[in-house]
Amino acid sequence: MSLSPLLSRYDHVLLDLDGCVWVDQTPTPRAREALGELRGAGRTIAFVTNNSRLAPEEYVRKLWALGLQASLEEIVTVGSAVQYELADRRRGTPTYVIGAEAVYRHVTDAGMRVVNGTNRAPEAEIVVIAGHDAFDFTELRVATQAVLAGAEMIAAGRDRIFPGPDGMWPGTGAIVAALEYATQQRAHSVGKPDPLSFRTALDRLGPGRALMVGDRLDSDLGGAAAAGIDAAIVLTGVATRRQAEAATEPAPVAIAENLYALVTA
Ligand SMILES: [Mg+2]
């Protein structure tokens with residue numbers, strides 16, 4: 001087993017998680033060996049995900065639990081990108097959050113005041129939207145009222161779907177679309193394909209040639225292009241071979257059955 005000629009051309013590898021490194025709780029075929037091969041060959045790695053259900057330290061724990069080594073500095077979630085985006089806003093700005101517990105923490109850490117569950121919720125000046133499993137009508141209603149009253153929408157990406165344990169699950173983009181439709185306003189998205197997450201990862205990795213590996217043409221391939229780096233598509237998630245082969249602007253530098261097949265030769 002050795003590094004493929006393609007991977008030999010790069011110093012850094014940015015890896016998407018859902019549909020690339022794992023699907024729900026299961027690593028993609030031989031993902032562990034693929035990461036071992038990359039690290040053994042001296043490639044530096046960052047994990048870049050639009051999924052904000054977990055905090056970065058929880059992703060580290062999940063990776064270790066699945067037998068995949070990782071460190072906190074290697075994890076870039078869209079929650080971190082949301083926090084970065086909010087960090088220069090007025091401290092204490094009332095903010096309504098649609099998202100998992102991890103997103104609440106990112107919003108609080110950015111200095112915003114979370115108004116969920118208070119009678120000030122419809123007066124929020126910012127609405128943060130991130131897909132989560134407990135999403136409900138109350139969130140959609142309160143967020144709609146806040147946006148109609150002038151709140152700004154910040155979205156953790158626009159992914160329509162992501163691979164779940166029993167087929168595709170609706171992603172953050174489906175909730176963003178519902179809010180945009182209700183309010184006729186446009187959200188500002190900071191998730192992939194916005195280059196912010198990629199730049200955060202590239203900043204940490206330092207100079208060198210970087211390759212993004214992911215399963216989505218819009219977020220992973222499109223986002224990599226926006227950040228000025230190459231991308232390869234793996235077929236363990238959303239994109240089919242036919243869709244990946246049809247992608248031209250930009251085109252992936254490689255299409256592989258899975259991460260292991262891409263990495264090894
Ligand atoms: Mg993915």
Side-chain angles (χ1 to χ4, degrees), residues 13-32 34-35 38 45-54 56 58-59 62-63 66 68 70 74-82 99-100 102-103 130-133 155-176 189-198 200-201 210-227 229-244 247 250 252-263:
V13 184
L14 279 58
L15 297 173
D16 174 51
L17 287 173
D18 290 301
C20 175
V21 172
W22 61 50
V23 171
D24 191 39
Q25 302 298 324
T26 309
T28 54
R30 304 186 75 180
R32 187 175 170 178
L35 290 184
L38 286 172
I45 294 173
F47 301 96
V48 184
T49 178
N50 262 5
N51 192 334
S52 56
R53 282 169 174 72
L54 300 181
E58 294 170 314
Y59 277 113
K62 178 172 175 179
L63 282 156
L66 295 177
L68 307 162
E74 292 176 330
I75 311 286
V76 179
T77 75
V78 67
S80 319
V82 168
V103 180
H132 70 123
D133 300 348
R158 293 186 175 275
D159 290 1
R160 298 170 197 275
I161 49 175
F162 67 97
D166 56 355
M168 293 296 160
W169 284 29
T172 293
I175 300 171
V176 174
S189 171
V190 299
K192 296 180 290 183
D194 183 279
L196 182 60
S197 299
F198 296 88
T200 305
L211 175 71
M212 174 68 198
V213 184
D215 67 307
R216 297 188 61 97
L217 301 178
D218 50 1
S219 304
D220 299 318
L221 179 62
I229 63 172
D230 291 342
I233 292 295
V234 288
L235 302 175
T236 40
V238 169
T240 63
R241 178 172 289 281
R242 179 185 292 204
Q243 290 167 340
V253 293
I255 300 166
E257 283 304 316
N258 54 53
L259 180 62
Y260 179 78
L262 181 80
V263 164

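Atoms within a ligand are numbered from 1 in the order they appear, just like the ligands themselves.
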Salt bridge (charged side-chain N to carboxylate O under 4.0 Å, His left out) against [X], all qualifying residues, sequence neighbours excluded:
X	value
R32	none
D16	K192
D194	none

What's the count of protein N, O or S atoms under 2.8 Å from the Mg ion (ligand 1)? 3
Between R241 and E257, is there a salt bridge with N-O shorter than 4.0 Å? yes
State, yes or no, whether a side-chain contact exists between T236 and W22 at a heavy-atom distance under 4.5 Å. no
Are side-chain heavy atoms of L211 and L14 found at a separation under 4.5 Å? no
